[in-house]
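Heads up: the structure comes next, in structure tokens.
Hydrogens, waters and symmetry mates are skipped; everything else that's a heavy atom, side chains included, is used.
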Amino acid sequence: MADLHIQINRDKGGSKGGLAGQIAAELRESIRGGRLTPGTRLPATRDLAADLQVSRGVVVEAYEQLVAEGFLVSKVGVGTRVTPKAAARPASRPKTSARHRPAGSDASASGPYYGHRPTSPDLGHFPRERWLASVRHVLATVPSEALDYGDPGGVPELREELAGYLRRVRAADVRPEHLVIVGGVAQGLSLVLHVLGRRRPLRLAVEDPTSNRQVPLLRRAGARLVPVPVDEEGLDVGRLGGDAALVTPAHQYPTGVVLSPPRRAALMEWAYAGDRAILEDDYDAEFRFDRDPVGCLQGLAPDRVILSGSVSKSLAPGLRLGWVAAPPDLAEAVRRARGELDLGSPVIDQYALAHFLRTGGYDKHLRRMRREYRRRRDALVGALAEELPDVRVKGIEAGLHVYLELPDGWDELRAAHAAKLAGLSVEPVGPMRGAPGPPAVVAGFARLPAHKAFEAVRGLKVRMSGQNVD
């Protein structure tokens, strides 16, 4: 039975077709795109309604619409399946080989894939009511002048709240005036690299393996990448080269290891010895399950470390709200660059996040999601241990993803494809690794309900063993 990944926008519930129309559209595109193959059995209407948190009647209406259109067939006692003769839309052939296709790209799409990835949070748990309360508060209280062009560095109220939060939660050493609000970590890194590379091309040391999605962004920003291996203690500082380094020390992506205390100290020595900068991507540090997360590197050396973070993992990527904390001179240069780029981030959303932080809504949401994500991770890891014991789970108990070393003979791309068919969010680690190692994939668990973990892992097992799955 297929585990469906359907996204619905409840704000559009009153549009044509309502929620049922959105569900039908998602299923229709999944069938056309080949993600739901002919004969695939769909979940029972009651089960899908529970997963999507809608009434059963909404799902019944969506199924009935697709049965009427010929995409689905439904029989009493057999269930609802994709029509056996349903034809998938022909996929355009990429010019590059599958081995060199960027990790995470959608094989059925001709252009970039911008959607769900292993590090995506469960957007169904976005705190809509509390966020709406914050937006309403903003619209009712902020003066009209606040909606004019403002400081490209960000709304002062948000910088004040974020500075307090980062000091309290991440042990950062940051002042509000040294924070710049940006449209997510991606934009923050681009701006920082733009500023650092103004005098000459910047040689940037990057962890290997790293996020293959980030590599094009870094290169487009003008950086010349210098891969540095990662082991069980994190970045191998002894092999560092370059003018600056980009690291994920609290929870390395994708391996999930933490930069060890000796390596942290060595990294700081490297930075000071050569007048170098450290770019710290603090992408999911709030989600540490076995203990409190380690403090950020920026708190150790605020004059050398540029800290980037966002609410993309904690709340929703679509908010496009992030921050850069930098030494005073660099923070001012990044602020000017932000003003030259697009004049700043949306003001209402900034005020709303400030209110959300100030009233405790953000902390409450994090506590809730920390419990839920730990439950989902435990379920996935337990299912893997039972069904696929030769798949090794690596990294600490944290974040929204696990790093899986695959058994000898398994191919990353084939395993990732099989996992997706089984309902898992998986990407191959990709070809950037400089040294040969075991094949590995990154698997997300944030959107995998705990009760679905065993079924998904068993589906992966069956597909990788070459058996046919109904």
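With hydrogens and angles ignored, the 3.5 Å screen pairs no side-chain donor or acceptor of D281 with any backbone N or O of G309. Looking only at distances, no side-chain donor or acceptor of R81 sits under 3.5 Å from a matching main-chain atom of S74. Q22 places a side-chain N or O within 3.5 Å of a backbone atom of N9 that can act as its donor or acceptor partner. Listed for the E280 side chain is no donor-acceptor partner under 3.5 Å among the backbone atoms of V247. A side-chain donor-acceptor contact under 3.5 Å links R320 to the backbone of G183. A distance-only check finds a donor-acceptor pair linking the side chain of E412 to the backbone of A440 [under 3.5 Å]. Of the possible polar contacts, one joining the H401 side chain to the P254 backbone as a donor-acceptor pair under 3.5 Å is found.
Aromatic rings from F289 and Y373 are positioned such that their centres are separated by 6.0 Å or more. The ring of H251 has its center no closer than 6.0 angstrom to the ring center of F287.
Every residue was checked against the ring pair (Phe, Tyr, Trp, His ring centres under 6.0 Å) condition with Y351, not counting sequence neighbours, and none meets it. Checked against side-chain hydrogen bond (donor to acceptor under 3.5 Å, both in side chains), R374 has no partners two or more places apart in sequence or in another chain.
Taking all atoms of both residues into account, the shortest heavy-atom contact from V258 to V294 is CG1-CG2, 4.1 Å. Considering every non-hydrogen atom in both S134 and H355, the closest pair reads OG-ND1, 2.9 Å. Between G188 and V324 the shortest heavy-atom distance is CA-CG2, 3.7 Å. Heavy-atom minimum distance, P439 versus W410: CG-O, 3.4 Å. Considering all non-hydrogen atoms of both residues, F126 and A316 come closest at CD1-CB, 4.0 Å. For the residue pair R463 and R414, the shortest heavy atom distance occurs at O-NH2, 3.5 Å.
Remark: of the listed residues L400, L448, V393, V393 is the sole one forming a side-chain contact (heavy atoms from CB on, under 4.5 Å) with R377.
Here D342 pairs with R338 in a salt bridge; the nearest charged N to carboxylate O distance falls below 4.0 Å. Classification of R35 and E29 as a salt-bridged pair fails, no side-chain N sitting under 4.0 Å from a carboxylate O. A salt bridge between E232 and K394 is present, with a side-chain N of the basic residue lying under 4.0 Å from a carboxylate O of the acidic one. A salt bridge does not link D378 to R376: none of the charged nitrogens lies less than 4.0 Å from a carboxylate oxygen. Looking at R375 and E372, a side-chain N of the basic residue comes within less than 4.0 Å of a carboxylate O on the acidic one, giving a salt bridge.
Here the side chains of L321 and V182 are not in contact, with every heavy-atom distance at 4.5 Å or above. The closest side-chain heavy-atom distance from P118 to V426 is not below 4.5 Å.
By the 6.0 Å contact criterion, CG on D290 is enclosed, its count of non-hydrogen atoms from other residues, nucleotides or ligands being greater than 12. By the neighbour-count criterion of 12 heavy atoms within 6.0 Å, atom CZ of R168 is densely surrounded, having more than that number from other residues, nucleotides or ligands.
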(message) For a salt bridge (Lys or Arg N to Asp or Glu O under 4.0 Å) check, start with the C-alpha distance between R170 and E286, then their side-chain angles and the critical distance, and finish with the verdict.
(response) CA-CA 8 Å; R170 299 299 300 123; E286 291 93 346; over 6 Å; no
(message) Determine whether E207 and T210 satisfy the following criterion, side chain to side chain donor-acceptor pair (under 3.5 Å), listing intermediate values before the conclusion.
(response) CA-CA 5 Å; E207 299 165 326; T210 189; 5.1 Å; no
(request) Check the pair D51, R46 against salt bridge (Lys or Arg N to Asp or Glu O under 4.0 Å), reporting the backbone distance first and the verdict last. (result) CA-CA 9 Å; D51 286 346; R46 194 180 305 280; over 6 Å; no
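Using cut-offs of 30° and 60° for the angle between ring planes, the Y362 and Y165 rings count as perpendicular.
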